[in-house]
Each structure stands twice: as C-alpha cells, then as structure tokens.
Trainee: 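Provided herewith is a single structure, encoded as structure tokens, for subsequent inquiry.
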Amino acid sequence: NEEIEAMAAIYGEEWCVIDDCAKIFCIRISDDIDDPKWTLCLQVMLPNEYPGTAPPIYQLNAPWLKGQERVDLSNSLEEIYIQNIGESILYLWVEKIRDVLIQKSQMTEPGPDVKKKTEEEDVECEDDLILACQPENPVKALDFDISENQPEIEELPPIDHGIPITDRRSTFQAHLAPVVCPKQVKMVLAKLYENKKIASATHNIYAYRIYCEDKQTFLQDCEDDGETAAGGRLLHLMEILNVRNVMVVVSRWYGGILLGPDRFKHINNCARNILVEKNYTSSPEESSKGLGKNKKVKKDKKRNEH
C-alpha cells in the first residue's frame, strides 16, 4: 500500500487505478511530459505474494512496440526483478521504461503518428454535453465485418443491468450481455439505445471479448464514445480478468462536476462488479495463467475506423 501511495504521489494523473480490489494499476509513461514523442502504457496486477516471492503480472501496451524491441524491454524488466527480489520495483520499472523511451526519442527515427488524447473537458451545461456527444446514429456507425465464418445468430442475447454508482451527481451503470459474434454486439447496442435513458447518457463506453475456438484467438474491441481512453481501460480490465464471450457497456450520465481520474475508477468498478455478479471472472491465479496462454488477439476491423 505504501508503494502504491508513493507511485500515485510521484506520477499524479499519469498513474491510474483500474481495479483497487484486484490491485490492477496502469501508468502512462512518455519520453517527455510536455512534448511526448514516444508513449507506452504499463499495466500491472500485483499478486498477494508481491513483493516477497512473486513479481508483478504486467502488460506493455504501445502500438509501435513489437518484435525484438518488445522482447528486449521485457527482458530488462525481468532482470530488474531478479536483481531486486523481495523489494518494491514498480518505480524502477517505470524509470527503466522512461529511459528506453528517451533513448528512442534521441534517435533519428520519427515518433509514431498518434493523436494526443484530451482529458475531460469542462462544460457549462450538462444538456449541451449530452447532445454534443451523441452520434447521429450510434448503431449505424458500427461497420462490422462478419464474413469470416461467423455463425448467423439472429437471437438477441439477454441483457443484465448492474447497480448504479453515483459520485458528485455523475451516475455510472454497467450493462452486460453474452456475445459470440460481432453481429450480436451490434444487436445488443441497438437494444440498449431503444431505452431513452441509456440513449441520453453522456457516454456509453463498451468493450467485448469473443473467443474463437477454431483459431485459439480472441476477437475483441472497444469504444470510448467520447470519454477518451475509457474503452481501452475497460478492455484491459476484461483481459486481465480473462473473461470471454461477453460484452460490457458502461453508461455515464454527467452531473456537471468534473471527476478527473475518478471517472475511470467508477467505470471499471461498475464493469468488474457485474462481471463478478454474473460469474464471468476467474481467480487471480487463473486469470494470470489465461493471460499467458491466450496472447493471440485479433482486433475487430472496426477498430481502425476510429
């Protein structure tokens, strides 16, 4: 707990609590805070045995991090753990990654073409924000490619609704449905948007994971719906919990008061609560094993259109 408090104090808004109960955290690391050229997100889950006898379970998330470069960075982090067994190492890991990014920025190669993500913006009127954030046709905007041997399933899956969380007049509520193909994802969204209250939410963030038995891979994707980075964080949570064949939508009704990073905590807490309630989660040990076994992930083609 002292290490977590220290990390939060040192890195401020760069440090994010994804799931406090499961000890899942994420930090956005860049080569330069004011003018970032290279950025990477380190996500960690701290097992009960950490730091005594077990290392953090981690993921390195960056679109440019591939091949030997990923292997080299992973080896560096694992070497730091071996050299400091029994000690808290998160700070050492973050600074090692930052050193790598700084060295990379000093090379001649240009940085990746990535749009800077904006933080939550202040608004004068809640109604204006609701209208501004609603697409003209939120369901029509989805353009799934379902031609790859996906079964034709016309039946709408059952949809469950979680217990709302309210903080400073903002309300968050999760909705869950079992899905086995992208067409069902579209059907669930269409059904939810028939509800006037859900359709009027400031944001309807969602993520889904579908396991393809024949290819031993996951088909997964997410949507921020105007809440920058929220969909990705939700999908990361589902990956770490190792859930499959399920879709989670989190509706947020903005109440006029900025919540800052707390909004991400509420979004993921809503999602985790309903996944636990509907028995989609496994134990942390099984989740960590699942992460190792199911590294192959297939992104939905729709992802590239946003």
Trainee: Following the transitive rule for hydrophobic clusters with a side-chain heavy-atom cut-off under 4.5 Å over Ile, Leu, Val, Met, Phe, Trp and Tyr, establish whether Ile57 and Val71 coincide in one cluster.
Mentor: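 Looking at the clustering, Val71 is in a separate group from Ile57.
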Trainee: Under the salt bridge (charged side-chain N to carboxylate O under 4.0 Å, His left out) test, which residues partner Arg168, sequence neighbours left out?
Mentor: Asp262
Trainee: Output all residues satisfying side-chain hydrogen bond (donor to acceptor under 3.5 Å, both in side chains) with Asp72, sequence neighbours left out; order by chain, then residue number.
Mentor: Gln68
Trainee: Taking the side chain from Thr202 and the backbone from Tyr254, do they hold a donor-acceptor pair closer than 3.5 Å?
Mentor: yes
Trainee: With a 4.5 Å limit on heavy-atom distance, are the side chains of Ser200 and Trp253 in contact?
Mentor: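 They are in contact (side-chain heavy atoms under 4.5 Å apart), so the answer is yes.
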Trainee: Who pairs with Glu95 by salt bridge (charged side-chain N to carboxylate O under 4.0 Å, His left out), at least two apart in sequence or on another chain?
Mentor: Arg98
Trainee: Any side-chain heavy-atom pair from Asn273 and Ile163 closer than 4.5 angstrom?
Mentor: no
Trainee: List in chain and number order the residues that pass side-chain hydrogen bond (donor to acceptor under 3.5 Å, both in side chains) with Ser30, two or more places apart in sequence or in another chain; answer none if no residue qualifies.
Mentor: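 Result, side-chain hydrogen bond (donor to acceptor under 3.5 Å, both in side chains) vs Ser30: none returned.
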Trainee: Sub-3.5 Å donor-acceptor pair from the side chain of Asp31 to the main-chain atoms of Ser105, do we have one?
Mentor: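 It does not hold such a pair.
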Trainee: Can you list the residues that meet the side-chain hydrogen bond (donor to acceptor under 3.5 Å, both in side chains) rule with Tyr81, with sequence neighbours excluded?
Mentor: none
Trainee: Quick one: side chain to side chain contact (heavy atoms under 4.5 Å, CB included) partners of Lys196, sequence neighbours excluded?
Mentor: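 Checked Lys196 against side chain to side chain contact (heavy atoms under 4.5 Å, CB included); zero matches.
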Trainee: In Å, rounded to the nearest 0.5 Å, how long is the span from CZ of Arg263 to CD1 of Ile267?
Mentor: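 Interatomic distance, Arg263 CZ to Ile267 CD1, rounded to 0.5 Å: 7.5 Å.
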Trainee: Residues in salt bridge (charged side-chain N to carboxylate O under 4.0 Å, His left out) with Asp99, at least two apart?
Mentor: none
Trainee: Restricting to pairs with a member in residues 160-183, which pass ring-ring contact (aromatic ring centres under 6.0 Å, His included), not counting sequence neighbours?
Mentor: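 Output for this query lists His161-His175, Phe172-His266.
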Trainee: Please name all residues satisfying side chain to side chain contact (heavy atoms under 4.5 Å, CB included) with Ser76, sequence neighbours left out, ordered by chain then number.
Mentor: Lys96
Trainee: Give the intermediate values and the outcome of side chain to side chain contact (heavy atoms under 4.5 Å, CB included) for residues Leu241 and Leu275.
Mentor: CA-CA 9 Å; Leu241 294 176; Leu275 285 166; 4.1 Å; yes
Trainee: Do we see a donor-acceptor contact under 3.5 Å between the side chains of Glu155 and Gln184?
Mentor: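 Per modelled atom types, Glu155 and Gln184 side chains form no pair under 3.5 Å.
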Trainee: Applying the 4.5 Å side-chain criterion to the ILVMFWY set and letting contacts propagate, would Ile85 and Leu90 be lumped into a single cluster?
Mentor: yes
Trainee: Indicate yes or no for a side-chain donor-acceptor contact from Ser170 to the backbone of Gly255 under 3.5 Å, with no hydrogens or angles considered.
Mentor: yes
Trainee: For the CZ atom of Phe264 and the CG atom of Leu237, what is their distance to the nearest 0.5 Å?
Mentor: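 Here the rounded value is 13.5 Å.
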Trainee: For the atom pair OH (Tyr50) and CE (Met45), what is the distance rounded to the nearest 0.5 Å?
Mentor: 13.5 Å
Trainee: Looking at side-chain heavy atoms only, is the closest gap between Arg70 and Leu60 below 4.5 Å?
Mentor: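 A side-chain contact under 4.5 Å exists here.
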Trainee: Where do Pro56 and Pro47 come nearest, in terms of heavy atoms and distance?
Mentor: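 Reported closest heavy-atom pair: CA-CD, 4.1 Å.
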Trainee: Contact between Ile18 and Phe25 at the side-chain level, heavy atoms closer than 4.5 Å - yes or no?
Mentor: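 No. Closest side-chain heavy atoms not under 4.5 Å.
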Trainee: Please confirm whether the backbone N or O of Cys41 pairs with a side-chain atom of Arg28, one donor and one acceptor, at under 3.5 Å?
Mentor: no
Trainee: Which heavy atom of Asp225 sits nearest to which heavy atom of Asn204, and what is that distance?
Mentor: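 So the minimum-distance heavy-atom pair works out to OD2-N, 2.6 Å.
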Trainee: Apply the side-chain contact (heavy atoms from CB on, under 4.5 Å) test between Tyr206 and each candidate in Val248, Leu189, Leu192; give the one that qualifies.
Mentor: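 Going through Val248, Leu189, Leu192 one by one, the side-chain contact (heavy atoms from CB on, under 4.5 Å) with Tyr206 is satisfied by Leu189 alone.
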Trainee: Measure the OG1-CG distance between Thr39 and Leu101 for me, rounded to the nearest 0.5 Å.
Mentor: 7.0 Å
Trainee: Grouping I, L, V, M, F, W and Y whenever their side-chain heavy atoms are under 4.5 Å apart, do Ile97 and Tyr91 come out in a common cluster?
Mentor: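 Linked within one cluster.
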Trainee: Write down the atom of Gly231, the atom of Ala207, and the distance for their closest heavy-atom approach.
Mentor: O-CB, 4.3 Å
Trainee: Can a side-chain donor-acceptor contact be found between Arg252 and Thr171 if the only test is distance below 3.5 angstrom?
Mentor: no
Trainee: In chain order, what residues pass the side chain to side chain contact (heavy atoms under 4.5 Å, CB included) check against Asn84, with sequence neighbours excluded?
Mentor: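 Result, side chain to side chain contact (heavy atoms under 4.5 Å, CB included) vs Asn84: Ile80, Glu87, Ile89, Leu92.
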Trainee: Grouping I, L, V, M, F, W and Y whenever their side-chain heavy atoms are under 4.5 Å apart, do Met247 and Val276 come out in a common cluster?
Mentor: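 Met247 and Val276: separate clusters.
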Trainee: Once side chain to side chain contact (heavy atoms under 4.5 Å, CB included) is applied, do any residues pair with Glu78, and if so which ones, sequence neighbours excluded?
Mentor: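 Glu78 satisfies side chain to side chain contact (heavy atoms under 4.5 Å, CB included) with Tyr58, Ser74, Asn75 once adjacent residues are dropped.
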Trainee: Roughly how far apart are Leu176 CG and Glu277 CD, rounded to 0.5 Å?
Mentor: 9.0 Å
Trainee: Can you name the closest pair of heavy atoms from Ile165 and Cys270 and give their distance?
Mentor: CD1-SG, 3.7 Å
Trainee: Got a donor-acceptor contact below 3.5 angstrom from the Asp224 side chain to the Gly226 backbone?
Mentor: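 No, Asp224 side chain to Gly226 backbone: no donor-acceptor pair under 3.5 Å.
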Trainee: Just do the salt bridge (charged side-chain N to carboxylate O under 4.0 Å, His left out) check on Lys278 and Asp160 with the steps written out, would you?
Mentor: CA-CA 9 Å; Lys278 299 303 174 183; Asp160 291 297; 3.7 Å; yes
Trainee: Could you work out, with salt bridge (charged side-chain N to carboxylate O under 4.0 Å, His left out) as the rule, every residue matching Glu194, not counting sequence neighbours?
Mentor: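 Glu194: salt bridge (charged side-chain N to carboxylate O under 4.0 Å, His left out) contacts with Lys191.
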Trainee: Taking C-beta and beyond as the side chain, do Gln59 and Val44 meet within less than 4.5 Å on heavy atoms?
Mentor: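 Result no, sub-4.5 Å side-chain heavy-atom pair not found.
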Trainee: Between Lys104 and Lys37, is any pair of side-chain heavy atoms under 4.5 Å apart?
Mentor: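 The answer is no, as the side chains (C-beta and beyond) never meet within the 4.5 Å cut-off.
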Trainee: Could you give the distance from SG (Cys16) to CZ (Arg233), rounded to the nearest 0.5 Å?
Mentor: 3.5 Å
Trainee: Quick one: does Val17's side chain get under 4.5 Å of Asn268's, heavy atoms only?
Mentor: no
Trainee: Could you tell me which non-hydrogen atom of Tyr280 sits nearest to which non-hydrogen atom of Asn245, and how far apart they are?
Mentor: CE2-O, 4.0 Å
Trainee: Less than 3.5 Å apart, any donor N or O on the side chain of Tyr211 or Gln220 sitting next to an acceptor on the other?
Mentor: no
